[in-house]
Student: 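Before I ask anything, here is the structure I am working with.
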Amino acid sequence: MSAERLATDPVTAARRLLGAQLTGRGVRAMIVEVEAYGGPPDCPWPDAASHSFRGPRPRNMVMFGPAGYLYTYVSHGIHVCANVVATYDGVPGAVLIRAAAVEDGVDVAHSRRGAVVTAALARGPGNLCSALGITMADNGIDLFSDASPIRLTLGEPHTAMSGPRVGVSTAADRPWRFWLPAYPEVSAYRRSPRAPAPGLSD
DNA sequence: GGTAAGATCAGC
DNA sequence: CTGATCTTACCT
């Protein structure tokens, strides 16, 4: 069971997810950009930017479960974003999948995204879920089960770049985003307009 | 029961 | 830079 390789701190899990294959509904893509998210103040990896920071809630329950499960949420009422749950059962942590390079099923991904898009079909967490057909109905599924419509296959370690996470208003300087160099799917960095001046947070 | 903010994206 | 669009969480 490869899920054991994700039963570790969110940063290590994030690095291990780079280069992994995510297969969903006729599309196979290699993960090229991720962000680590931790838990409440009293856990080993406190993280004010994490959805689990204020403890378990109906929405974030799966973040508190075992590693290797899918946590989805709706952002700004518009986009679905996908996380892979990390850490140990009972300790919250997750890795947001921000971008992937579509390697198989390009036509399927293309039809889901719309005619205008040419390259970078899965650039950005919302676009990625759109391309792979991931919805809120997939929240809580086991990514390592043969029965799941979305599946994950880990690969070999990669050399990664790192930097601050995109769009978060708290802990804005923490370098918990990781990506593989030279992929056009990697997002441009955008600091949240609500974040304090660089150097003053976290 | 009201309201404000948000791990986004596309179009000016 | 701004608007779209809606769920969640927190307040009264």
Side-chain angles (χ1 to χ4, degrees), chain A residues 6 9-11 13-15 17-18 22 29 31-41 43 45-64 69-87 92-100 102 109-110 112-140 143 160-179 184-196 198 201-202:
Chain A
L6 301 176
D9 67 276
V11 167
R15 288 182 172 278
L17 282 167
L18 286 174
L22 192 59
I31 296 170
V32 299
E33 183 187 5
V34 296
E35 281 176 0
Y37 285 91
C43 87
W45 311 287
D47 181 11
S50 174
H51 287 169
S52 61
F53 187 64
R54 288 150 201 270
R57 297 282 186 287
R59 169 170 82 152
N60 61 24
M61 274 299 284
V62 335
M63 277 188 79
F64 288 76
Y69 283 69
L70 183 68
Y71 164 54
T72 56
Y73 70 93
V74 176
S75 178
H76 289 70
I78 304 172
H79 301 103
V80 176
C81 298
N83 296 250
V84 178
V85 175
T87 76
V95 179
L96 172 68
I97 311 301
R98 286 198 58 90
V102 176
H110 206 280
R112 289 202 181 107
R113 287 298 316 279
V116 193
V117 185
T118 54
L121 285 165
R123 174 184 177 135
N127 291 336
L128 182 142
C129 286
S130 169
L132 295 202
I134 298 173
T135 72
M136 282 305 291
D138 298 315
N139 189 36
L143 290 169
M161 309 278 101
S162 66
R165 295 174 290 188
V166 173
V168 300
S169 58
T170 57
D173 298 325
R174 187 182 297 194
W176 275 16
R177 181 166 65 113
F178 304 91
W179 66 91
E185 288 85 0
V186 173
S187 319
Y189 175 57
R190 290 181 68 80
R191 167 170 277 253
S192 168
R194 294 171 293 281
S201 100
D202 188 55

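Throughout, protein chains are lettered first and strands after them, A, B, ... in sequence-line order, and every chain is numbered starting at 1.
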Student: What are the bounds, 5' to 3', of the part of DNA chain C that sits under 4.0 Å from heavy atoms of chain A?
Tutor: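 Range of nucleotides touched by chain A: C:dA4 to C:dC10.
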Student: Any donor-acceptor pair under 3.5 Å linking the side chain of A:Glu35 with the backbone of A:Arg98?
Tutor: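 No: the side chain of A:Glu35 does not pair with the backbone of A:Arg98.
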Student: What distance do A:Leu96 atom CG and A:Tyr71 atom OH have between them, rounded to the nearest 0.5 Å?
Tutor: 10.0 Å
Student: When Watson-Crick pairs (N1 to N3 and N6-O4 or O6-N4) and G-U wobble pairs (N1-O2 and O6-N3) count only below 3.5 Å on both distances, what is the dot-bracket string of DNA chain B, with | for other-strand pairs?
Tutor: ||||||.||||.
Student: Is a side-chain donor or acceptor of A:Asp138 paired with a backbone partner of A:Thr135 at a separation under 3.5 angstrom?
Tutor: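 It does hold such a pair.
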Student: Look only at the side chain of A:Glu185 and the backbone of A:Val32, and say whether a donor-acceptor pair between them is shorter than 3.5 Å.
Tutor: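 Checked: no pair found.
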Student: Considering only atom P, compute the distance from C:dT2 to B:dA5 and round it to an integer number of Å.
Tutor: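 Taking atom P in both C:dT2 and B:dA5, they lie 16 Å apart.
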Student: Would you please name every residue forming a side-chain hydrogen bond (donor to acceptor under 3.5 Å, both in side chains) with A:Asn83, sequence neighbours left out?
Tutor: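 In terms of side-chain hydrogen bond (donor to acceptor under 3.5 Å, both in side chains), with neighbours along the sequence ignored, A:Asn83 is linked to no residue.
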Student: Does A:Arg165 have any side-chain hydrogen bond (donor to acceptor under 3.5 Å, both in side chains) partners at least two apart in sequence or in another chain, and if so, which?
Tutor: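 Once residues adjacent in sequence are excluded, the partners of A:Arg165 under the side-chain hydrogen bond (donor to acceptor under 3.5 Å, both in side chains) criterion are A:Asp47.
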Student: How does protein reach along nucleotides 1-7 of chain B, written 5' to 3' as B (base within reach of a heavy atom under 4.0 Å), S (only sugar-phosphate), or - (no contact)?
Tutor: -----BB
Student: Is A:Thr170 reaching over with its side chain to a backbone N or O of A:Ala48, donor-acceptor style, under 3.5 angstrom?
Tutor: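 A pair under 3.5 Å: yes.
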Student: Between A:Asp173 and A:Arg191, is the salt bridge (Lys or Arg N to Asp or Glu O under 4.0 Å) condition met? List the steps.
Tutor: CA-CA 9 Å; A:Asp173 298 325; A:Arg191 167 170 277 253; 2.2 Å; yes
Student: Only pairs at least two apart or in different chains count here, so list each side chain to side chain donor-acceptor pair (under 3.5 Å) that has a residue in residues 121-131 of chain A.
Tutor: A:Arg113-A:Asn127
Student: Between A:Arg57 (side chain only) and A:Arg54 (backbone N and O only), is there a donor and an acceptor less than 3.5 Å apart?
Tutor: yes
